[in-house]
2 protein chains.
Amino acid sequence: MAQPSARTLTRERLAAAALTVLEREGLAGLSMRKVAAEAGVQAASLYWHVRDKEELLDLLADAVIADAVPPPRTGDWREQYLEYGRRYRALLLAKRDAAKVVAGRLTTGPRVLAVLEDQLDRLREAGFADADAAMASYLLSAYVQGFVLQEQSPLSAAEAAGASRGQVAHAAGETFRALPAETYPNLVALADDLTDPDMDTRFEFGLHRLADGLAALLE
Amino acid sequence: MAQPSARTLTRERLAAAALTVLEREGLAGLSMRKVAAEAGVQAASLYWHVRDKEELLDLLADAVIADAVPPPRTGDWREQYLEYGRRYRALLLAKRDAAKVVAGRLTTGPRVLAVLEDQLDRLREAGFADADAAMASYLLSAYVQGFVLQEQSPLSAAEAAGASRGQVAHAAGETFRALPAETYPNLVALADDLTDPDMDTRFEFGLHRLADGLAALLE
DNA sequence: ACCTGAACACCGTTCAAGT
DNA sequence: ACCTGAACACCGTTCAAGT
């Protein structure tokens, strides 16, 4: 196939420009004009390669998770399932606003398909029925996307304004503790647990529950 | 407290106007100008009641889930946990783009706090440790939000253009089936399972896995 | 085939000015 | 205290025109 010359615009170069802008300005700051400028072209030119901004975001979503790599085939299916979840989360956390970009978008890049294929293979091999393997895969991505979406968005105006996660969590804890104990005894008692900013532990907890719940299907 | 006269703008009336616009135009079509018009006021007036659009979206998120109601205290904790999940999903599905509005936003309306309080009470009563009860609650909302986010967003440009979910799912199934079977044997074999448009069944599957995984903590 | 210039309708937000 | 009018900088998208 004909190699596009160094300066011609392609969908790949468009996706790369969009990724750069995303990293620099966040999803809210990503405009067609800025992506065009990053690609060294006028805004109107993008519409030759892409129907609209929505389609550009599809390209961006593919680019965001293009680095997906299946975990090694070591340990049992459970350990490998956990590892899929951890890697997906890490992939999303690595790029600014990645969860917002990916959430609710169908990505079918070849790398993603390869990872999905591999994951299904391992689940079936572990003994899951076809439908259960498909569901287990969907379940994992819904959980990870939902989790990282929360994790990546500022908890409040305060955090957006520059306060650290720990500070915001502490303030939230104070809010719970300050609630009337007669009406909200549990919120007051669990204030610390509810606002614990250790996201790794939280993520692992959910991931293990999923794996345990799936394991019960094999008994 | 002084009753605001019928025509004065309040944060409550602002939230109600935003909700109306959301239902009519979707989140992408929700602008400060349209919300102002709906409230019978000029766009600039909103900034007296609200710092910026972000804060208006916070109000909107509260309004979206203000109707939350805890399930009846019948059956064991597991059945009640499932029911919390079902109701949360139903609440989000009832309002256009609700998952996108709520996802990654901290809502602390009194109704939501009451439901959370009640949920924690039941989990602790069932025997969960404090930290586990807090995690179980967070896990449920991450899962439901992640799930409905997928469910509520158009799977593709085709669906946005008016094709039914079933048609899109069928087309996606065709795509998987058409893949080279040597490279993607599992995607080809599970094409139907992966693209099954029955979202209720999918949701229930995940929900039961969560509940089973949590149940294992009590043994 | 691919890109530009100019335009259109529409944004979020600010601010002096009104009542 | 609350709202308006007008303005600013910035959007996504279209389209005739260029090469």
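In what follows, chains are A, B, ... by sequence order, proteins preceding strands, each numbered from 1. Model, not experiment: these values are computed from the prediction.
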Visitor: When all nucleic acid strands are considered with a 4.0 Å heavy-atom cut-off, which category describes A/S31: base, sugar-phosphate, or nothing?
Guide: sugar-phosphate

Visitor: With no hydrogens and no angle check, is any side-chain donor or acceptor of B/S137 less than 3.5 Å from a backbone partner on B/A133?
Guide: no

Visitor: Specify the separation, in whole Å, of atom CZ of A/R13 and atom C1' of C/dC2.
Guide: 14 Å

Visitor: Any side-chain N or O of A/K34 below 4.0 angstrom from OP1/OP2 of D/dC11?
Guide: yes

Visitor: When you get a sec, tell me which of C/dC3, D/dT4, C/dT14 is the closest nucleotide to the side chain of A/S45?
Guide: C/dC3

Visitor: Would you mind reading off the distance between A/L14 atom CG and C/dC2 atom P, rounded to a whole angstrom?
Guide: 13 Å

Visitor: Nearest of D/dG5, C/dT13, C/dC3 to any side-chain atom of A/H49?
Guide: C/dC3

Visitor: So does B/W48 get a side-chain nitrogen or oxygen closer than 4.0 Å to the phosphate oxygens (OP1/OP2) of D/dC2?
Guide: yes

Visitor: Which nucleotide sits closest to the side chain of B/K53: D/dT13, C/dT13, C/dT4?
Guide: C/dT13

Visitor: Using distance alone, with no hydrogens and no angle criterion, decide if B/Q150 and A/Q145 have a side-chain donor and acceptor under 3.5 Å apart.
Guide: yes

Visitor: Say whether, by atom type as modelled, one donor and one acceptor occur between the side chain of B/E117 and the main chain of B/V112 under 3.5 angstrom.
Guide: no

Visitor: Rounded to whole angstrom units, what separation is found between the CE atom of B/M32 and the P atom of D/dC3?
Guide: 14 Å

Visitor: Check whether B/D198 reaches the backbone of B/T201 with its side chain - one donor and one acceptor, N or O, closer than 3.5 Å.
Guide: yes

Visitor: Measure from the side-chain heavy atoms of B/A44 and tell me the nearest of C/dT4, D/dT13, D/dT4.
Guide: D/dT4

Visitor: Quick check against the 3.5 Å criterion: does B/Q152 have a side-chain atom that pairs as donor or acceptor with the backbone of B/A99?
Guide: yes

Visitor: Between P on D/dG12 and CD on A/E55, what's the gap in Å once rounded to a whole number?
Guide: 15 Å

Visitor: Let me know the distance between CD of A/E25 and P of D/dC10, rounded to the nearest Å.
Guide: 11 Å

Visitor: Could you state the atom-to-atom distance from CG of B/L9 to C1' of D/dT4 in whole Å?
Guide: 13 Å

Visitor: Only Watson-Crick and G-U wobble pairs with both distances less than 3.5 Å should count. Give DNA chain C in dot-bracket notation, marking inter-strand partners with |.
Guide: ||.|||||...|||||.||

Visitor: Can you tell me the distance, in whole Å, between the OH atom of B/Y47 and the P atom of C/dC11?
Guide: 12 Å

Visitor: So, does B/Y81 use its side chain to make a donor-acceptor pair with the main chain of B/A136 at under 3.5 Å?
Guide: yes

Visitor: In this structure, how many angstroms lie between the C1' atom of D/dC15 and the CG atom of A/L46, rounded?
Guide: 16 Å

Visitor: Evaluate the ring planes of A/F147 and B/Y138, with Trp represented by its six-membered ring, and classify them as parallel (under 30°), tilted (30 to 60°) or perpendicular (over 60°).
Guide: perpendicular

Visitor: Please determine, for the side chain of B/R33, which listed nucleotide (C/dC3, D/dA7, D/dT13) has the closest atom?
Guide: D/dA7

